[in-house]
Each structure stands twice: as structure tokens, then as C-alpha cells.
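Working notes, beginning with the structure itself.
Just so we're clear, the structure is a prediction, and the values are computed from it rather than from any experiment.
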Number of protein chains: 2
Amino acid sequence: MQAKLNELFSALSDATRREILIMLLEDDMAVTDVAHPFDMSLPAISKHLTILSNAGLITQERRGRVNWCKLEPDGIRDASVWMLSFGQFDIPDIEDLERLIESHIDLTKKN
Amino acid sequence: MQAKLNELFSALSDATRREILIMLLEDDMAVTDVAHPFDMSLPAISKHLTILSNAGLITQERRGRVNWCKLEPDGIRDASVWMLSFGQFDIPDIEDLERLIESHIDLTKKN
DNA sequence: TCAATACTTAACCATATGGTTAAATATAAT
DNA sequence: ATTATATTTAACCATATGGTTAAGTATTGA
């Protein structure tokens with residue numbers, strides 16, 4: 001359990017990986033397309049995807065030469081359970097939330 | 001913002017640090033008392049506390065030779081905002097939550 | 001004043017992380 | 001059959017992380 005939480009929070013502790021997760025909210029994507037917006041080599045992205053996969057935050061399914069990445073909706077659950085049980089998890093300022101969701105939309109439009 | 005989130009999730013990605021946070025839910029504690037339940041040197045705990053402090057999850061206030069550690073209730077907020085905005089943040093199985101809260105109680109009793 | 005207490009800092013170590021480039025693999029298209 | 005595409009694997013590198021022990025610094029108590 002603790003090891004799983006370590007892996008989860010650790011996976012979330014990198015901005016590139018968080019952006020990838022947000023991109024995958026929109027739709028499933030091929031590895032190359034995931035890599036496209038980032039100023040980073042393909043192997044680097046491939047590694048990030050492996051980390052997200054091991055943490056259970058995404059799944060990958062190869063069809064032909066394309067490896068499709070998709071969000072695993074339950075992946076974040078253990079982390080959210082921990083945060084809720086930690087108790088300091090109030091509903092945040094609605095404006096913070098709106099601003100952040102807005103920034104996600106900008107991000108996906110950027111592609 | 002991203003750097004702050006990196007720091008926050010990274011601080012949460014270590015089981016020792018998460019346990020420390022849960023201990024501090026109960027009450028403020030001196031560094032030595034924080035260290036007591038762990039099979040780890042004092043400098044190691046001191047480092048963990050610095051990391052929690054830099055992430056904004058706790059504050060430390062020295063009075064005399066005792067450095068009091070206290071939870072910073074708003075510290076986790078940015079992480080919770082991100083998770084909520086990520087959207088896959090359902091209220092989890094109530095039994096999962098109860099089991100986890102129970103395990104926290106056990107943990108604090110252990111001291 | 002001297003010793004004990006409550007730490008922090010320094011120096012070190014092994015392993016992990018996040019990136020790179022080059023080479024390998026498998027599939028699809030020509 | 002050859003080439004292009006999509007991706008992974010390997011080898012490498014610099015820096016970060018999480019621990020250690022030993023030494024240093026205040027503060028308190030005797």
C-alpha cells in the first residue's frame with residue numbers, strides 16, 4: 001500500500017507527466033503524438049509513459065506499430081483516498097479551480 | 001506553479017513523510033518526538049522535515065532548544081486543486097476510507 | 001561552569017531520476 | 001525486397017534523493 005502510494009505520488013511529482021495525463025483526458029493518444037508538444041526526445045517520453053503505466057495511471061495497448069496510451073480512470077484513486085483520509089482536503093476556492101481547468105484547456109489547444 | 005506542485009507531490013511520495021504528516025494531525029511535535037517511532041537517524045528525520053517545510057506542508061518554530069513542528073493546513077491545497085481539476089477524483093469507496101483512517105489511528109497509538 | 005539536551009550541518013555513500021544519443025525491433029507502405 | 005514509421009532498449013551522464021556517521025551550535029539544568 002505504502003509502496004503503491006509512493007509510486008503514485010512520485011509519478012505525479014513531474015510536470016511533464018502531469019501534462020501527459022491532462023492530454024489523455026481528451027482522448028487516447030499514440031506515443032509519438034504524446035511526445036509532440038514536448039521539447040524532449042521520444043525515449044524520454046517513452047520512459048515517462050512507463051512510469052505512468054507502472055503507477056497505474058495509464059494503460060498502453062499496442063495495435064500494429066502504434067502503442068495507444070489511455071488514461072486509467074481509477075489510477076489516481078489510492079492517492080485521492082489518502083488525501084481525503086488526511087483530512088485537510090477542503091473544496092478549494094472555486095476560482096482557483098476554474099483558472100486551472102482553463103489552463104488545461106489552453107494546454108490541449110496548444111497541440 | 002508547476003515547480004510548487006512538483007515539490008508538493010514529491011514531498012508526499014515518501015512513506016516516512018506521509019506518516020509524519022499524519023502524526024502532526026494529532027498535535028504539534030518536537031523533532032525528537034517526531035523521530036521516535038522511526039528506525040532512522042535524527043539527521044534523516046531532520047531532512048524529511050526540511051523537505052516538508054519547503055513544500056509548505058509544515059512550519060517549524062524554534063522555542064528554546066526545541067524546534068516545534070506543526071502542520072500547515074493549507075499546505076496540501078494546491079495538490080488537491082490539481083487533483084480536483086484533473087477530474088478523476090471521485091469520492092472513493094467509503095470502506096477504503098474508513099479502513100485507512102483506522103490505520104492512521106493505529107499508527108498514532110503506536111507511539 | 002560544566003554537562004546534558006535538542007537539534008542542525010557537513011561530508012560522505014549508494015541508488016534513483018530524468019535526460020541524452022545510437023542501435024534494435026516490429027509493422028506498414030511502396 | 002526495401003524503406004519508412006513507430007517505438008523500445010541500451011549505454012551513458014549529471015544531478016537528486018535518502019540514508020549514514022561525526023562534528024558543531026544553542027539552550028537548559030545541575
Inset, instruction - State whether the side chain of B:Arg18 and the backbone N or O of A:Phe86 hold a donor-acceptor pair below 3.5 Å, judged by distance alone. - result: no
Inset, instruction - Considering non-hydrogen atoms only, spot the tightest contact between B:Asp28 and B:Lys70 and give its length. - result: OD1-CB, 3.2 Å
Inset, instruction - Please state how far atom CH2 in A:Trp68 lies from atom P in D:dT5, giving the value in whole angstrom units. - result: 17 Å
Inset, instruction - Take B:Gln60 and A:Asp39, find for each the nucleotide of DNA chain C with the closest heavy atom, and name the residue whose nucleotide sits nearer the 5' end. - result: B:Gln60
Inset, instruction - For the residue pair A:Arg17 and A:Leu21, establish whether any side-chain heavy-atom pair is separated by less than 4.5 Å. - result: no
Inset, instruction - Measure the distance from NE2 on A:His48 to C1' on C:dT20 and round it to the nearest whole Å. - result: 12 Å
Legend entry - Separation of C:dT27 C1' from A:Arg65 CZ (nearest whole Å): 6 Å
Inset, instruction - Using atom types as modelled and distance alone, determine if a side-chain donor or acceptor of A:Ser10 lies under 3.5 Å from a backbone N or O of A:Glu7. - result: no
Below 3.5 Å between N/O atoms, which protein atoms pair up with nucleotides 9-17 of chain D? Just atom names and distances, please.
none

Inset, instruction - Could you pull out the closest heavy-atom pair between B:Val66 and B:Ala30, with the gap in Å? - result: CG1-CB, 3.6 Å
Inset, instruction - Could you tell me the separation between the CE atom of B:Met40 and the P atom of D:dG18, rounded to a whole number of Å? - result: 10 Å
Legend entry - Rounded distance (Å) that lies between atom P of D:dG19 and atom CG of A:Asn6: 10 Å
Legend entry - Where A:Val31 and A:Ile45 come nearest, the two heavy atoms and their spacing: O-CG2, 4.5 Å
Inset, instruction - For A:Ala44 and for A:Arg63, locate the closest nucleotide of DNA chain C by heavy-atom distance; then report the residue assigned to the nucleotide nearer the 5' terminus. - result: A:Ala44
Inset, instruction - Can you tell me the distance, in whole Å, between the CD1 atom of A:Ile45 and the P atom of D:dA6? - result: 16 Å
Legend entry - Atom pair distance, as rounded to whole Å: CG in A:Leu42 and P in C:dA23: 17 Å
Side-chain donor-acceptor pairs under 3.5 Å in residues 50-64 of chain B, sequence neighbours left out?
| residue | atom | partner | partner atom | Å |
| --- | --- | --- | --- | --- |
| B:Thr50 | OG1 | B:Ser46 | O | 3.0 |
| B:Asn54 | ND2 | B:Thr50 | O | 3.4 |
| B:Glu61 | OE2 | B:Arg63 | NH1 | 3.4 |
| B:Arg62 | NH1 | B:Arg65 | O | 3.3 |

Inset, instruction - Quickly work out the B:Arg62 CZ to C:dC7 P distance and round it to whole Å. - result: 7 Å
Inset, instruction - Verify the contact: side-chain N or O of A:Ser41 to OP1 or OP2 of C:dT20, cut-off strictly under 4.0 Å; return yes or no. - result: yes
